[in-house]
Amino acid sequence: AVGYYSAATRLTETLDIIAGSLMVSLFPLLSRTYKEDRPAFEAIFRKAFRALLLVGLPLALGGSLVAGDLVVLFFGETYARSGVTLTILLWYTFFGFFSTLLVNLLIICGRQVMDAWISLGLVLANIGLNFFLIPPYSYNGAAVSTVLIEVFGTAAMFLYLAKQPAIRLGFPSREIWPALKINAVFLPVLLGFKYIFQ
């Protein structure tokens with residue numbers, strides 16, 4: 001079970017570099033504009049959100065379609081059962097992109113203590129979910145727990161940032177439509193290639 005789970009996580013862990021690299025580049029700019037130019041700060045946040053969405057959604061949706069093939073390609077037929085686990089964990093990666101962005105915003109806005117409390121709550125919730133999900137669902141239960149915790153954490157950080165009068169971070173709804181349009185084209189093409197090469 002540990003081997004099946006590890007095979008999937010090896011493929012998803014490399015994707016974390018994407019959000020990390022973006023935030024390393026944007027952190028100084030976001031820090032400066034938060035103090036000096038709030039409209040620019042919000043504009044950069046929206047652009048970062050859009051960039052992560054444009055990369056993350058195709059990775060999660062497209063990766064879910066070919067997860068089983070990827071596992072077999074990299075680890076062989078022995079680990080074919082990890083395909084389902086990889087499909088689940090790709091959504092952890094998707095929400096993790098935005099979690100990385102929001103954690104950095106908490107730090108920039110001087111809310112490190114809240115970040116610590118949210119992290120502590122997520123750790124405890126993860127232990128509880130694993131307690132209930134791993135016995136019946138094994139490694140896939142652990143994967144589902146990981147995704148749910150990432151969703152809860154992302155939502156908690158965003159709601160906190162949105163409710164703070166000094167921050168007033170609005171939900172970037174306009175940034176969602178371009179990513180949906182791209183995926184409306186990308187996914188049928190991917191399905192076509194998958195069908196041709198099977």
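Numbering of residues begins at 1 and proceeds along the displayed sequence.
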*ring-ring contact (aromatic ring centres under 6.0 Å, His included): pairs with one or both residues in residues 23-59, sequence neighbours excluded*: Y34-F41, F49-F98

*So R174 and R46, side chain to side chain contact (heavy atoms under 4.5 Å, CB included) or not? Walk me through it.*
CA-CA 9 Å; R174 290 176 299 175; R46 288 182 176 276; 3.8 Å; yes

*Does I108 belong to the same Ile/Leu/Val/Met/Phe/Trp/Tyr cluster as L159, with side-chain heavy atoms less than 4.5 Å apart forming each link?*
no

*Is it true that L61 and I176 fall in one hydrophobic cluster, defined by side-chain heavy atoms closer than 4.5 Å?*
yes

*Measuring from N104:CG to M23:CE, what's the distance to the nearest 0.5 Å?*
4.0 Å

*Looking only at non-hydrogen atoms, find the nearest pair between L26 and A48 and report the distance.*
CD1-CB, 3.6 Å

*Indicate the atoms forming the closest heavy-atom contact of A8 with S82, along with that distance.*
CB-O, 4.1 Å

*If the plane angle is over 60° it's perpendicular, under 30° parallel, otherwise tilted; pick one for Y4 and Y139.*
tilted

*Sidechain-backbone polar pair: T154 side chain, E150 backbone, donor-acceptor under 3.5 Å*: yes

*Mind checking the OG1-CG spacing from T12 to L86? Nearest 0.5 Å is all I need.*
7.0 Å

_Can you tell me how far apart CG (L105) and CG (D115) are? Round to the nearest 0.5 Å._
11.0 Å

_Would you say that V71 contacts T85 through its side chain, given a criterion of any heavy-atom pair below 4.5 Å between the two side chains?_
no

*Step by step, would you call L22 with V55 a side chain to side chain contact (heavy atoms under 4.5 Å, CB included)?*
CA-CA 12 Å; L22 178 65; V55 174; over 6 Å; no

*asked:* Same cluster or not: I134 versus I88, using hydrophobic residues (I, L, V, M, F, W, Y) connected whenever any side-chain heavy atoms lie under 4.5 Å apart?
replied: no

*Sequence neighbours excluded, which residues qualify as side chain to side chain contact (heavy atoms under 4.5 Å, CB included) partners of Q164?*
R111, Y160, I167

*If you take all heavy atoms of G63 and L90, which pair is closest and at what distance?*
C-CD1, 3.3 Å

*Can you find a pair of side-chain heavy atoms, one from E13 and one from T93, that are under 4.5 Å apart?*
no

*Can you hop from V123 to F152 via hydrophobic side chains spaced under 4.5 Å?*
no

*With rounding to the nearest 0.5 Å, note down the distance linking CG in L11 to CZ in F74.*
6.0 Å

*Examine distances only and state if a side-chain atom of S99 and a backbone atom of F95 form a donor-acceptor pair shorter than 3.5 Å.*
no

*Please report the closest heavy-atom contact between P136 and F132, naming both atoms and the distance.*
CD-O, 3.2 Å

*To the nearest 0.5 Å, what is the distance between SG (C109) and CE (M114)?*
12.5 Å

*Roughly how far, to the nearest 0.5 Å, is CG of L30 from CD of E42?*
11.5 Å

*Using a 4.5 Å cut-off on heavy atoms from C-beta on, say whether the side chain of V72 contacts that of Y79.*
no

*Yes or no on side chain to side chain contact (heavy atoms under 4.5 Å, CB included) for W91 and V151, after CA distance, side-chain angles and deciding distance?*
CA-CA 9 Å; W91 291 99; V151 172; over 6 Å; no

*Decide yes or no for R38 and T33: does some side-chain heavy atom of the first lie under 4.5 Å from some side-chain heavy atom of the second?*
no

*Heavy-atom count around E77 CD within 6.0 Å, excluding the residue itself: above 12?*
no

*Please answer whether the main-chain N or O of V2 pairs with a side-chain N or O of S6 as donor and acceptor at a distance below 3.5 Å.*
yes

_F158: ring-ring contact (aromatic ring centres under 6.0 Å, His included) partners, not counting sequence neighbours_ = F171

*Provide the closest heavy-atom pair for Q112 versus I107 in the form atom of the first, atom of the second, distance.*
NE2-O, 3.6 Å

*Please examine the side chains of F97 and L59, heavy atoms only from C-beta on, and report whether any two atoms are closer than 4.5 Å.*
yes

*Determine the minimum heavy-atom distance between L57 and L180, stating which atoms define it.*
CD2-CD2, 4.0 Å

*For the pair N130 (side chain) and N126 (backbone), establish whether a donor and an acceptor sit closer than 3.5 Å, ignoring hydrogens and angles.*
yes

*Taking side chain as C-beta onward, heavy atoms only, is L53 less than 4.5 Å from F94?*
yes

*Note, L106 side chain near L102 side chain (heavy atom, < 4.5 Å)*: no

*Should L122 and I127 be counted in the same cluster of Ile, Leu, Val, Met, Phe, Trp and Tyr side chains packed under 4.5 Å apart?*
no

